[in-house]
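Contents: one structure, followed by commentary.
Whatever order the structure lists ligands and atoms in, that order sets their numbers, starting from 1. The figures here come from the full heavy-atom set of this structure, side chains too, leaving out hydrogens, waters and symmetry mates.
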Amino acid sequence: MSQIKPIRIGISTCLLGENVRYDGGHKLNHFLADTLGQFVQYVPVCPEVECGLGIPRESMHLAGDPENPRLLTSRTGVDLTDRMKGWAAGRVRDLESEDLSGFIFKSRSPSSGMERVNVFSDKGQPVKRGVGIFARAFMDHFPHVPVEEDGRLNDPGLRENFIEAIFTLGRWRDLCQGKKTVGKLVMYHTNHKLLLLSHSRRHYTEMGRLVAAGKSLTPRDLYKNYGDLLVQALKVRATGKKNSDVLMHALGYFKKDLSHQEKEELLKYLEMYRKEQVPLVVPLTLLRHYIMKYDEPYLKEQLYFHPHPLEVMLRNHV
Ligand code: SF4
């Protein structure tokens, strides 16, 4: 199942090193710009510059009700809320045609932060309960598009989950481009079995039932319902326990092939992974090696073993 179209990801422009910040600087993130950037096409968005504010400009912050804050300039107190909201409403509509598989926001920004942005009370006390004005508009408009922000992506587990989700949804978008047949959906579901199980057995089972009943639905409804479940499944975090179960399941496919010594070695690394002594990449690499060596046809097609390019260096933490 090859990637046909590049995966398109929205991103806060300053994370790519563009000098668009209020002080004329940037917030270049090397992993996003240089590593992940090799495999995705970014669609940069800088709400403050795109809504007509200059560079440099006065800094701003959120104030008032954390559920519905105002966007104010910090020194002169100019209220930019309506201007930003009006621009954001149009921008998210424009983004519909960009076919985004995800969005990476700049953390803590009153325009772009997706959570825990400071909101100041009348007395000047901050509470970390706000969402940037543009980020809120984006997430309300695209509830099914995976979102993350630069700070959270430093957490290896969150990073892994997000990147796996955008590549899996990228493959899903490719599938949806063509004729929507039950056969193609069966193949997608089959090839993603282990990957889905590493997130949520419940969703995998429900998706399986949907696929089995596929002929009783219109292709449009079938794909829509499957896509919704896929997004929900990918939001459930893969854990060490779930990965261990998946790896043991995969081992079962080699019952007749592996020598006693090979099996012992694999079990040793699986146990070390279970005890968090080695990262997931260790037993996975060994399994990949056996898949190639014994030409295991079913596992060869499982996206779990190659859900994203190796160069993004995931699955290498304990
Ligand atoms: S945080 Fe958002 S608004 Fe601020 S410079 Fe970056 S992209 Fe622009």
Side-chain angles (χ1 to χ4, degrees), residues 7-37 40-64 66 68-96 98 100-120 126-142 145-155 158-159 162 166:
I7 292 173
R8 292 171 66 74
I9 303 291
I11 190 167
S12 297
T13 308
C14 57
L15 293 173
L16 295 178
E18 297 291 322
N19 292 321
V20 289
R21 299 244 309 157
Y22 73 96
D23 58 1
H26 60 74
K27 283 285 176 185
L28 174 63
N29 180 306
H30 284 289
F31 170 75
L32 297 176
D34 304 334
T35 306
L36 188 58
V40 302
Q41 244 177 31
Y42 283 128
V43 177
V45 180
C46 177
E48 292 174 17
V49 169
E50 292 183 32
C51 84
L53 304 171
I55 309 169
R57 58 188 171 274
E58 195 180 333
S59 64
M60 55 199 81
H61 64 268
L62 296 177
N68 189 23
R70 311 296 298 172
L71 178 65
L72 305 178
T73 59
S74 297
R75 187 169 48 80
T76 54
V78 176
D79 191 331
L80 297 167
T81 316
D82 293 343
R83 177 176 181 162
M84 181 61 83
K85 280 189 174 173
W87 169 84
R91 187 68 166 107
V92 292
R93 278 197 299 277
D94 289 349
L95 288 172
E96 284 172 10
E98 296 285 1
L100 298 180
S101 292
F103 202 109
I104 302 169
F105 292 107
K106 173 72 195 81
S107 56
R108 298 197 297 273
S109 157
S111 309
S112 301
M114 64 171 255
E115 62 170 34
R116 293 172 54 77
V117 179
N118 273 334
V119 183
F120 290 83
V127 285
K128 288 188 185 302
R129 285 177 44 206
V131 177
I133 304 283
F134 169 69
R136 164 71 72 207
F138 183 92
M139 292 189 287
D140 286 351
H141 198 80
F142 298 106
V145 172
V147 292
E148 264 305 344
E149 55 180 24
D150 59 329
R152 282 168 50 94
L153 287 173
N154 290 328
D155 176 307
L158 292 177
R159 178 186 286 202
F162 178 70
I166 61 175

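Close approach of ligand 1 to Ser109 (heavy-atom distance below 4.0 Å) involves ligand atoms 1 (S). The atoms of ligand 1 that sit less than 4.0 Å from any heavy atom of Cys46 are 3 (S), 5 (S), 7 (S), 8 (Fe). Listed by number with element, the atoms of ligand 1 under 4.0 angstrom from any heavy atom of Thr13 are 7 (S). With ligand atoms numbered from 1 in the order given, ligand 1 contributes 1 (S) to contacts under 4.0 Å with heavy atoms of Lys106.
Heavy atoms from other residues, nucleotides or ligands lying under 6.0 Å from CZ of Arg116 number 12 at most.
For atom 8 (Fe) of ligand 1, the N/O/S atoms of Cys14 include none lying under 2.8 Å.
Of all the heavy atoms of Glu48, the ones lying under 4.0 Å from any atom of ligand 1 are found in both the backbone and the side chain. Contacts with ligand 1 closer than 4.0 Å are made by backbone heavy atoms (N, CA, C, O) of Val45 only, the side chain lying farther away.
Partner Ser107 forms a side chain to side chain contact (heavy atoms under 4.5 Å, CB included) with one of Lys27, Arg152, Glu149 and no other, that one being Glu149. With His141 as the fixed residue, the side chain to side chain donor-acceptor pair (under 3.5 Å) test singles out one of Glu96, Arg91, Arg136, Arg93: Glu96. Of the listed residues (Phe138, Phe142, Phe162), just one forms a ring-ring contact (aromatic ring centres under 6.0 Å, His included) with Phe103, and that residue is Phe138. When each of Thr81, Asp79, Leu80 is checked for a side chain to side chain contact (heavy atoms under 4.5 Å, CB included) with Arg83, only Leu80 meets the rule.
Using 4.0 Å as the threshold, Val20 has a heavy atom nearer than that to some atom of ligand 1.
Counting only heavy atoms from C-beta outward, the side chains of Ser111 and Met84 approach each other to under 4.5 Å.
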TODO: Could you give me the CA-CA distance, side-chain angles and deciding distance for Leu62 and Ile133, then say whether side-chain contact (heavy atoms from CB on, under 4.5 Å) is met?
DONE: CA-CA 9 Å; Leu62 296 177; Ile133 304 283; 4.1 Å; yes

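Ranking protein heavy atoms by distance to atom 2 (Fe) of ligand 1, first place goes to Ser112 OG, 2.3 Å.
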